[in-house]
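Data block below; observations after.
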Amino acid sequence: MHNDEIAGIFEQLADLLEIDGANPFRVRAYRNAARLLRGLPEEAADMLARGEDLSQLPSIGEDLAGKIAEIVETGRLETLQALKKTTPAGLAELTRIPGLGPKRVRLLRDALGVKSPAGLRRAAMSGKLAQLPGFGVKTQANIRAYFDSDRSGEKRTRLADAEKVAQRLVAYLEGAADRKHIVVAGSFRRSCETVGDLDIVVASASPQKVMDRFAAFDEIATVAGKGKTRATVRLRSGLQVDIRAMELASFGAACVYFTGSKAHCIALRKRGVSKGLKVNEYGVFRRDKSIAGETEKDVYAALGLPLIPPELREDRGEIEAAEKGKLPRLVALGDIRGDLHVHTKASDGRDDIRAMAKAARARGYDYLAICDHTKHARIAHGLTPSRLERQIDRIDALNEELSGIRILKSSEVDILADGSLDMPDSVLAKLDLVVGAVHFDFDLTPARQTERIIRAMDHPAFSILAHPTCRLIGARDPMRVQMERLMDAALERGCYLEANGQPERLDLNDVYCRMAKERGLKLALSTDAHSTEQLDFMRFSLGQARRGWLSPGDVINTRSWRDLKSLLKR
DNA sequence: GCCGTTTTCGGCCCGACTGTTTTCAGTCG
């Protein structure tokens, strides 16, 4: 039983309790517990197995500790099963329809006997909906429109896809009159792997002009709301965008507020209350007097804290760390000395070794590891032993010729079903480093998958495990592996795990990055680039690493080649 | 349901916008 699964049960319980009219603070307690579990760098089940007291965790008390134990032991939660009898699970889906929240859904259940989206649709079409108190023809029309519309665009958008939209929108808003600063805030700024919407904050002396220009952006499909200072639209791509125009004096406070996370902001406001301060998107106030607001630094300083980097703002201990002066110095692009996983056109990349090396040099790197696939990866035109040997010679020649960049001889060796490597030892011995990866048989049992990979790590040449879970965001679930075991095995064997920067992979993710750090395991931040431009995917690898609290010392490719070499197996 | 330099009980973050209303509840972020 993984933390995500336990969290999912608590989230479902919270949704249904809320509809049932439970104490809202009790509902929040379940949501807080779910959030904590999703960010926990250790499996609650393992902590229980070691006899740890989960009620020592923040926001977990006696009751929730007991419920976690119940879920781990039985796979289910009796409280949830009982509640589902009166409040069917289908009702929770209704709260995801815009304009419907728990109170209205409860009314739908009690007055019309609605149990699911299908039931709501019937009520809306028959016209009964508009008769309910608090509902009206407009609400009914909105709900009908929801059922008529294509709702496929409402799923979360990958960070890299959101980035393209954000860049176009920012460029467009740059033309707004009187605008001073534009920040894309929200989960985008926190480098979350996917974003639900884009939150844009603009500092301007004439907010109305910013709103008007925004509303005329040519990618807008529908305008959901538009006021004097804020507006919400949906783009044709399905992505929702919220914009807020603020006075310069409030810009920092607005950036804090709209960058979130919600949990982080709530924690900040609570901290404010304890100091007799009110914190909102306009500033920090003592009684009615503003004491901060123009910059984020001022806002945090007014709360007695140093500026907290956006990637850490998840209420996962960053406020406590900031208070004690123990925030990590997060790894940044300038710390990266080379990329340890790229492809060339010898396998499934687009560019040749020379072009990749020059592109790496142009990015200020000292080294670049060429990691083409091996022959088992047939669709990727994987290299046979003899082709790899020729590539090794080619790299030796290029290293003679090119200055300012060292090309490392490497390979993304397939880890075969039994854990052996798809390349003879005699060839592996000629490489500077060996990167290995799983590319098939993703659905072994967790124990077998873990043993397969550990067997590969046992190989005397194996150094880095690429994209350890093999997940593809929104397309393929992560492999089921025993991650703690894998990390401990890597530590024992002098191996490292990769944080892969391909936008659909981001594997390891933030939580696993932090888990590695807590165990003392260092990571390789790599792009898995298949073209020269993709070397810039390092920013996505860094995003997850920074969300996982990693410092330069936690990352092997922040070192010079000489120092890195001493960390690698040969 | 959690939590405690004010509390073991009584608190628990804050404001904009919409649609329903005649002063505001619900939703949303």
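Lettering follows sequence order; numbering is per chain, from 1. Because the structure is predicted, anything quoted here is derived from the model rather than measured.
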Subject >> Worked check of salt bridge (Lys or Arg N to Asp or Glu O under 4.0 Å) between Glu314(A) and Arg514(A) >> reply: CA-CA 13 Å; Glu314(A) 297 289 347; Arg514(A) 190 155 179 199; over 6 Å; no
Original post:
Considering Watson-Crick and G-U wobble pairs with both distances under 3.5 Å, what does dT8(B) pair with?
Top reply: none
**OP:** Confirm from the modelled atom types if Asn23(A) and dG1(B) form a donor-acceptor pair under 3.5 Å, side chain to base only.
**Re:** yes
Original post:
Under 4.0 Å: is that the gap between some side-chain N or O of Thr229(A) and OP1 or OP2 of dC17(B)?
Top reply: yes
Original post:
How far, in whole Å, is dG11(B) from dT7(B) if one measures between their P atoms?
Top reply: 14 Å
Original post:
Considering only heavy atoms, which members of residues 129-140 of chain A lie under 4.0 Å from some atom of DNA chain B?
Top reply: Gly134(A), Phe135(A), Gly136(A), Val137(A), Lys138(A), Thr139(A)
**OP:** Please measure how far the P atom in dT5(B) lies from the corresponding atom in dG1(B), and state the result in whole Å.
**Re:** 23 Å
**OP:** Taking atom P in both dC28(B) and dT23(B), compute the distance separating them and give it to the nearest angstrom.
**Re:** 25 Å
Original post:
Which of these nucleotides, dC12(B), dC28(B), dG29(B), is closest to any side-chain atom of Lys270(A)?
Top reply: dC12(B)
Subject >> Criterion salt bridge (charged side-chain N to carboxylate O under 4.0 Å, His left out) against Glu193(A), the qualifying member of Arg156(A), Arg505(A), Arg471(A) >> reply: Arg471(A)
Subject >> Within residues 245-257 of chain A: residues closer than 4.0 Å to DNA chain B (heavy atoms) >> reply: Tyr257(A)
Subject >> C1' atoms of dT20(B) and dA25(B), separation to the nearest Å >> reply: 9 Å
Original post:
Considering only dG1(B), dG26(B), dG29(B), which nucleotide approaches the side chain of Arg104(A) most closely?
Top reply: dG26(B)
**OP:** Between Lys278(A) and Ser59(A), just flag the one whose closest nucleotide in DNA chain B comes earlier from the 5' side.
**Re:** Ser59(A)
**OP:** Name the closest nucleotide to the Lys103(A) side chain, picking from dG26(B), dC2(B), dC17(B).
**Re:** dG26(B)
Original post:
For the side chain of Gln240(A), counting heavy atoms from C-beta on, which of dG29(B), dG1(B), dC12(B) is nearest?
Top reply: dG29(B)
Original post:
Hey, does the side chain of Lys67(A) come within less than 4.0 Å of dG1(B)'s phosphate (OP1/OP2), counting only N and O?
Top reply: yes
Original post:
Roughly how far apart, to the nearest Å, are dC9(B) and dC14(B) at atom P?
Top reply: 26 Å
**OP:** Please determine, by modelled atom types, if Thr259(A) and Arg189(A) share a side-chain donor-acceptor pair under 3.5 angstrom.
**Re:** yes
**OP:** May I ask you to evaluate whether Lys262(A) reaches the phosphate of dC28(B), defined as a side-chain N or O under 4.0 Å from OP1 or OP2?
**Re:** no
Original post:
Counting only non-hydrogen atoms, which of residues 280-293 of chain A are less than 4.0 Å from DNA chain B?
Top reply: Asn280(A), Glu281(A), Tyr282(A)
Original post:
Does the pair Arg230(A)/Asp242(A) count as a salt bridge with the N-to-O cut at 4.0 Å?
Top reply: no
**OP:** Scan Arg96(A), Arg106(A), Lys84(A) and name whichever one has a salt bridge (charged side-chain N to carboxylate O under 4.0 Å, His left out) with Asp15(A).
**Re:** Arg96(A)
Original post:
Taking atom P in both dG26(B) and dT21(B), what distance in whole Å separates the two?
Top reply: 13 Å
**OP:** Compare the minimum distances between each of dC12(B), dT27(B), dG29(B) and the side chain of Pro102(A), then state the nucleotide with the smallest one.
**Re:** dT27(B)
